[in-house]
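The structure under discussion appears below in the form of structure tokens.
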Amino acid sequence: MGCTTPFGGLCKMKTIGVLTSGGDAPGMNAAVRAVVRSAISLGMNVIGIRHGYNGLINGDITPMDIRSVSEIIHRGGTALYTARCPEFKTEEGIQKAVDNCKKFGIEGIVVIGGDGSFRGARDLSIRGIPCVGVPGTIDNDIASTEYTIGFDTAMNTAMEMVDRLRDTTQSHERCSVVEVMGRHAGHLALQVGVAVGSIAIMVPEIPCDVSSVCKKIEATRKTGKKHFIVVVAEGYEKPVTDIAKEIEATTGVESRATILGHVQRGGNPTVRDRVMASYMGNAAVELLKNGIGNRVICYSKSEIINRDIYEALQMKKDFDVDAYRMADSISL
Ligand code: ADP
Ligand code: F6P
């Protein structure tokens, strides 16, 4: 256990692991790179664990050197692969993971993923493998942090896609009802809805029925508006196809439904995601260097901080109701 840093300090861990888990998010690669390079700079060894917690259970690992993370900072996806791993939630599965950590000399792990992945990190920490979570998900639905890696890229991708839809919507004087991702949350839909100048934003957090959207369409038609974009979070109660049919039947405006889907998860990360991922990956290694685990890296009030995983997982994320109201007031 432990090693000396190139600057004479002491690292409490000699070998750490890094994995990406849950849905991939643009910027995860930049985070992996930061973890690997920060740890090696400090004199630690790094082991890449492939396919999320599956890799820990099956011993699917690879030693990482400084060149192993070359040419990935600008790429979407995750070079370590990712997965959802139901077996990890079983006592048998997690015991296999702990045994493999011991077998491969992994003393601590940086887990890059969402809340589900953090629950796994908490369970490993309890069993003596200190873990630090780094928030990576396009949904920005993690309560403990104001920002998650991938959110900025996904917002920009969705905005660009809706801009394209807008051209055809405008030419045909139609209504486009567009579904964006976000799992159970409407954070992505809200930002995208504002950015594309939508007539309405439908999210699970705020009551908004289709009839009120139709009223808005009818009212704005009277002021000369001829085409309409409605942005709907995937967690909203009704499918976009039904919403589009209802709008067409009520208002007479020809309507089309579009589901943006997984395109939102891909693509080169934006500057914000690359930089955030680099800071967060580095911060995670700084904790493990000092033997500190059971923490998650968070962005709060313009700073990178860390919190206890238990406390982080208890937190509830507020929806930005003021921003929602503002969006409504300028979509006329
Ligand atoms: P995300 O990390 O993006 O929220 P998931 O919810 O799918 O994605 O979780 C990713 C993985 O984390 C799961 O496949 C599982 O291996 C692990 N995980 C999720 N929830 C738990 C839990 N309650 N306890 C332990 N591990 C969990
Ligand atoms: O959490 C990211 C996310 O893309 C959600 O927005 C979406 O609900 C889910 O993952 C889709 O998961 P999958 O890639 O397993 O279909």
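Start at 1 and go down the list; that is how both ligands and their atoms are numbered. The shown structure was predicted, so the numbers you read here are calculated from the model rather than taken from an experiment.
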Which of Leu260, Thr258, Val240 passes side chain to side chain contact (heavy atoms under 4.5 Å, CB included) with Glu179? Answer is Val240
Taking the non-hydrogen atoms of His184, is any one of them nearer than 4.0 angstrom to ligand 2? no
Is any N or O atom of Gly114, backbone or side chain, closer than 3.5 Å to an N or O atom of ligand 1? yes
Report yes or no: is the cationic atom of Lys225 (NZ for Lys, CZ for Arg) closer than 6.0 Å to the six-membered ring centre of Phe228, at no more than 45° off its axis? yes
Non-hydrogen atom of Gly114 closer than 4.0 Å to ligand 2: no
Close N or O approach (Gly23, ligand 2; < 3.5 Å): no
Short version for Thr137: what comes under 4.0 Å of ligand 1, heavy atoms counted, is neither
If you measure from atom 13 (P) of ligand 2 to every heavy atom of Met181, Gln264, His262, which option wins on shortest distance? His262
Does Arg274 count as lying over the ring of Tyr279, i.e. NZ or CZ under 6.0 Å from the six-ring centre, within 45 degrees of the axis? no
Show your working on side-chain hydrogen bond (donor to acceptor under 3.5 Å, both in side chains) between Arg122 and Ser125 and close with a plain yes or no. CA-CA 5 Å; Arg122 171 203 60 195; Ser125 298; over 6 Å; no
Under-4.0 Å heavy-atom contact with ligand 2, by part of Glu234 that carries it: side chain
Closer than 4.0 Å to some heavy atom of Gly22 - which atoms of ligand 1 meet that? 3 (O), 8 (O), 10 (C)
